[in-house]
Amino acid sequence: MYIYDSVQKKKLKFEPILENRASIYVCGPTVYDDAHLGHARSSLAFDLLTRTLKAKGYEVTMCKNFTDIDDKIIKKVEATGKSMEEITSYYIERYLSEMSALGVTRANIEPKATQSLQAIESMIKKLIDKDIAYIISTGDVYFDTSKDSNYGNISHRVANDDDSKSRIEHTSQKRNPKDFALWKACKGDEDICFDTTFSKGRPGWHIECSAMIEKHFEGNGEYSIDIHGGGADLLFPHHENEAAQSRCATGHELSKYWMHNGFVQIDGEKMSKSLGNSFFLKDALNLYDGEVLRYYLNSIHYRNDFNFSEEELQLSKRRLDKLYRLKKRVTPTKASVANKSFKKSLLDAMSDDLNISIALSLIDEFIANTNDLLDRNPKDKALKKETLANIEFIDELLGFGGKEPFSYFQIGVNSELKEKIEELIEKRTEAKQSKDFKTSDAIRDELTSMGISIMDSANGTLWEKA
RNA sequence: GGAGCCAUCGCCAAGUUGGUAAGGCCGUAGAUUGCAAAUCUGCUAUUCACCAGUUCGAGUCUGGUUGGCUCCUCCA
């Protein structure tokens with residue numbers, strides 16, 4: 001298994017800190033709003049990583065957090081009058097159900113910031129005791145970046161970086177411009193805050209991830225976890241700061257490997273809430289099947305930026321359709337054992353830093369080859385059984401192809417419409433048998449206008465929703 | 001102002017350590033079909049933004065130019 005490490009900027013052989021195990025931490029969402037396609041992409045990318053590692057025999061522990069204390073959440077509390085708990089639990093539930101619609105495997109550990117306050121407090125205390133963190137008059141606690149000689153190693157930002165043009169806040173009491181808040185003291189009585197030995201307040205954004213990792217992973221004394229993941233925009237300052245805090249508090253490095261996924265773009269620009277060009281996942285799931293979205297969003301390499309377009313999504317669906325058409329051809333049958341060399345080549349592709357393009361091209365090849373063989377020998381039972389097993393392996397590794405094939409092509413068709421379609425097809429078959437092609441073609445046109453395409457096969461007429 | 005990423009067929013997109021351009025969509029010719037659809041087969045980049053260099057040999061390395069994106073503010 002090779003993965004691209006965004007700190008060393010090259011592909012590295014994956015050698016976990018504990019044999020045959022992989023510990024992964026991925027930065028999850030701040031739960032103050034609905035998830036957009038960017039969240040989906042990140043989830044999907046690391047889901048692919050998890051599935052690949054599992055298929056290769058690693059015991060994977062995946063941790064994904066929920067940031068449930070944050071300025072934006074507090075603003076939402078003020079704006080809606082709802083409690084923080086009400087807001088965050090609503091969005092957490094939505095997030096989980098939308099990700100599940102995309103076929104994302106649930107993380108083993110899903111910690112929330114509000115449940116990790118003890119770990120956060122003790123880590124901050126450790127840093128204060130070591131004089132690496134300092135308290136200013138307001139009660140805010142800052143991390144002194146000058147105390148960490150390795151600060152900048154993650155993002156490769158040098159210490160004498162020109163900060164004059166940057167938009168880092170220049171608080172007078174900060175020792176260095178790059179120092180960041182570990183703890184934000186509350187300002188008024190009505191603020192949402194938690195009591196600690198240093199001040200009443202709430203944690204900064206970066207510390208929670210570090211604290212959660214220390215809380216949930218043991219590491220090996222050299223690193224806490226194997227892989228730390230997240231969106232490319234988190235590399236700096238978030239991951240740089242996480243690494244610094246953990247390094248200084250624990251005396252060892254946070255993560256052995258760092259992986260970052262590319263963005264989802266709309267018209268060549270990053271999708272983000274501040275730009276107002278977000279495509280919310282709930283809207284996308286209203287228009288398209290989760291599996292189709294998954295296939296599309298995972299169809300290019302996770303590190304590349306992804307330019308989202310609905311036309312491309314439709315084209316992508318056609319590619320997935322082919323897999324399901326093949327599955328239709330081998331249904332019903334019982335799966336035997338997946339073809340060894342097919343399995344190996346798929347795994348090899350994914351083992352190379354999740355080379356999904358190669359994996360998908362192997363699948364296309366498999367589909368064409370199998371269709372060809374079935375054309376020549378439609379009754380090859382062994383082939384059908386193996387084909388189904390291969391498709392099951394694809395589903396296990398890549399997370400698509402697992403549906404019952406007939407229902408896949410009938411998504412969005414209610415039973416009433418279905419009855420009508422089948423009635424029309426029956427009439428058409430009768431007309432065809434009496435060679436009344438005028439009538440049969442008219443019925444086919446009617447079905448086409450309903451968005452239904454039909455295909456005559458040896459086993460009768462099959463239909464699909466376009 | 002600083003830091004970084006990217007640029008491959010009409011479109012999407014692979015391309016470890018340099019060795020002579022995967023795959024998909026679209027298009028097209030054919031097989032099959034009453035005609036279609038589905039399926040299969042063939043064809044579809046002497047060329048990898050541009051310029052120069054290193055090399056027997058570069059999409060792959062080096063330098064420069066142009067264009068696009070991202071980070072330095074919350075962000076997946």
Side-chain angles (χ1 to χ4, degrees), chain A residues 2 6 9-11 26-30 32 35-46 67 70-72 152 155-158 160-169 177-178 205 229-238 240 260-265 268-275 278 296 299-301 303-307 309 311-322 325-326 328-329 349 352-353 355-365 367-376 432 435-437 440-441 444-445 447-448 453-457 461-464:
Chain A
Y2 283 82
S6 30
K9 293 179 194 267
K10 59 181 176 190
K11 274 187 206 172
V26 178
C27 292
T30 302
Y32 70 99
H36 60 213
L37 258 23
H39 295 103
R41 167 114 138 118
S42 182
S43 267
L44 252 12
F46 291 102
T67 299
D70 169 87
D71 286 349
K72 285 180 174 155
S155 62
H156 305 292
R157 269 163 215 274
V158 281
N160 56 4
D161 217 15
D162 178 16
D163 285 322
S164 63
K165 287 273 174 183
S166 90
R167 284 161 288 189
I168 296 176
E169 61 166 321
K178 281 197 171 62
W205 175 39
D233 49 356
L234 298 182
L235 187 58
F236 188 88
H238 187 53
E240 186 72 65
H260 292 92
N261 64 275
F263 302 123
V264 174
Q265 303 189 322
E269 269 190 326
K270 180 186 171 187
M271 178 185 294
S272 73
K273 285 174 189 153
S274 41
L275 283 171
S278 296
Y296 176 54
S299 66
I300 77 162
H301 190 83
R303 263 187 286 127
N304 290 164
D305 284 339
F306 189 103
N307 210 327
S309 91
E311 299 88 274
E312 285 295 327
L313 190 152
Q314 296 290 6
L315 297 180
S316 189
K317 179 183 180 297
R318 294 190 199 180
R319 209 173 169 186
L320 179 59
D321 287 350
K322 285 194 169 195
R325 289 208 187 97
L326 175 61
K328 269 204 285 200
R329 290 187 81 172
D352 182 17
D353 194 36
N355 194 329
I356 189 75
S357 294
I358 298 291
L360 294 183
S361 75
L362 287 166
I363 292 171
D364 289 332
E365 210 170 275
I367 294 169
N369 282 343
T370 312
N371 271 321
D372 191 22
L373 290 171
L374 286 171
D375 281 353
R376 291 176 212 217
K432 253 179 54 173
K435 306 238 186 236
D436 179 4
F437 296 124
S440 71
D441 288 354
R444 184 166 64 200
D445 289 345
L447 284 163
T448 306
S453 48
I454 55 172
M455 36 217 74
D456 294 331
S457 79
T461 302
L462 304 174
W463 62 274
E464 293 178 3

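All chains are named by letter (A, B, ...) in the order of the sequence lines, taking the proteins before the strands, and each is independently numbered beginning at 1.
Taking atom C1' on both B:U44 and B:A21, the two are 14 Å apart, rounded to the nearest angstrom. Comparing the same atom, P, in B:U54 and in B:U60 gives a spacing of 15 Å after rounding to whole Å. Comparing B:C40 with B:G24, their P atoms sit 10 Å apart, to the nearest whole Å. Separation of the C1' atoms belonging to B:U66 and B:A52 is 15 Å when rounded to the nearest angstrom. Taking atom P on both B:G10 and B:A45, the two are 10 Å apart, rounded to the nearest angstrom. As rounded to the nearest Å, B:G68 and B:A22 have C1' atoms that lie 26 Å from one another. With both ends at atom P, the span from B:C50 to B:A58 equals 15 Å, rounded to whole Å. Distance check on atom P: B:C12 versus B:G53 gives 32 Å, rounded to whole Å.
For A:R319 and B:A14, the CZ to P distance is 11 Å, given to the nearest whole Å. Put simply, CD1 on A:I300 is 9 Å from C1' on B:C12, counting in whole angstrom units. In this structure, A:H260 atom NE2 and B:C6 atom P are separated by 15 Å, rounded to whole Å. The CZ-P distance, from A:F236 to B:U70, rounds to 18 Å in whole Å. When the C1' atom of B:C40 is taken as reference, atom CG of A:L326 falls 13 Å away, rounded to whole Å. Here B:A37 presents its C1' atom at 8 Å from CG of A:D456, a figure rounded to the nearest Å. Straight-line distance from the CE atom of A:M271 to the P atom of B:U70: 13 Å, rounded to whole Å. Distance A:K435 NZ to B:A36 P: 16 Å, rounded to the nearest Å.
The side chain to side chain contact (heavy atoms under 4.5 Å, CB included) test with A:L235 is passed by exactly one of A:R157, A:H156, A:E240, A:H260: A:H260.
In this structure, the separation between CE on A:M271 and CG on A:L37 is 4.5 Å, given to the nearest 0.5 Å.
A salt bridge links A:D441 and A:R444; the closest N-O separation between the charged side-chain nitrogens and carboxylate oxygens is under 4.0 Å. For the pair A:D364 and A:K322, the salt-bridge criterion is not met [side-chain N within less than 4.0 Å of a carboxylate O]. Between A:D353 and A:K10 there is no salt bridge, since no side-chain N of the basic residue sits under 4.0 Å from a carboxylate O of the acidic one. Salt bridge present: A:K328 and A:E464 bring a charged side-chain N and a carboxylate O closer than 4.0 Å.
Between A:R157 and B:G4 there is no side-chain N or O to OP1 or OP2 distance below 4.0 Å. For B:A76, the OP1/OP2 oxygens have no side-chain nitrogen or oxygen of A:N261 closer than 4.0 Å. Put simply, A:N355 has a side-chain N or O that comes within less than 4.0 Å of OP1 or OP2 on B:G15. At B:U39, none of the side-chain N or O atoms of A:K328 fall inside 4.0 Å of OP1 or OP2 (strictly under the cut-off). Applying the 4.0 Å criterion to OP1 and OP2 of B:C26, one finds that A:R318 has a side-chain N or O inside that range.
With both pairing distances under 3.5 Å, B:C43 is matched to B:G27 as a Watson-Crick or G-U wobble pair. Across every strand in view, B:G1 sits in a pair with B:C72 that passes the Watson-Crick or G-U test at under 3.5 angstrom. Applying the Watson-Crick and G-U wobble criteria (two distances, each under 3.5 Å), B:A38 pairs with nothing in any strand. Using Watson-Crick or G-U wobble geometry with both donor-acceptor distances under 3.5 Å, B:C50 finds its partner in B:G64.
Counting any heavy atom pair closer than 4.0 Å across all strands shown, A:S440 reaches a base atom. Across all strands, A:E464 comes closer than 4.0 Å to no nucleic acid atom at all (heavy-atom distances). Heavy atoms of A:A35 sit nowhere under 4.0 angstrom from any nucleic acid atom. As judged by a 4.0 angstrom heavy-atom cut-off over every strand, A:V26 is placed among residues making no nucleic acid contact. Counting non-hydrogen atoms under 4.0 angstrom, A:G231 reaches the backbone sugars and phosphates but no base. Base engagement by A:H36 is indicated by at least one non-hydrogen atom pair under 4.0 Å involving a base atom. Using a 4.0 Å heavy-atom distance criterion, A:G262 is classed as a base contact. Nucleic acid contact class of A:K322 (heavy atoms, under 4.0 Å, all strands): sugar-phosphate only. At a threshold of 4.0 angstrom between heavy atoms, the contacts of A:L234 are confined to the sugar-phosphate backbone, with no base atom among them. When heavy atoms are screened at a 4.0 angstrom cut-off, A:D233 is found touching base atoms of the nucleic acid. Note on A:K270: a base of the nucleic acid sits closer than 4.0 angstrom, heavy atoms only. Note on A:K72: a base of the nucleic acid sits closer than 4.0 angstrom, heavy atoms only. Using a 4.0 Å heavy-atom criterion, one finds that A:D353 contacts no nucleic acid atom at all.
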Inset, instruction - For A:V264 and A:H36, run side-chain contact (heavy atoms from CB on, under 4.5 Å): C-alpha distance rounded to whole Å, both residues' side-chain angles, the deciding distance at 0.1 Å, then the answer. - result: CA-CA 9 Å; A:V264 174; A:H36 60 213; over 6 Å; no

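With hydrogens and angles ignored, a donor-acceptor pair closer than 3.5 Å exists between the side chain of A:D441 and the base of B:G34. For B:C35, the base has a donor-acceptor partner in the side chain of A:R444 [N/O atoms by modelled type, under 3.5 angstrom].
The side chain of A:K9 lies closest to B:C5, out of B:A76, B:G24, B:C5. Proximity note for A:M455 (side chain, C-beta onward) versus B:C40, B:A37, B:C74: the nearest is B:A37.
The aromatic ring of A:F263 does not sit over the base of B:A76, since the test of centres under 5.5 Å and planes under 30° is not met.
Where A:A232 and A:H156 meet RNA chain B, the nucleotide closest to each residue was compared, and A:H156 sits on the side nearer the 5' end. Remark on RNA chain B: of its neighbouring residues A:S155 and A:H238, the 5'-side contact belongs to A:S155, judged by nearest-heavy-atom nucleotide.
The shortest side-chain heavy-atom distance between A:I363 and A:R319 does not fall under the 4.5 Å cut-off.
What you find for A:L362 and A:A349 is that their closest heavy atoms are CD1-CB, 4.3 Å.
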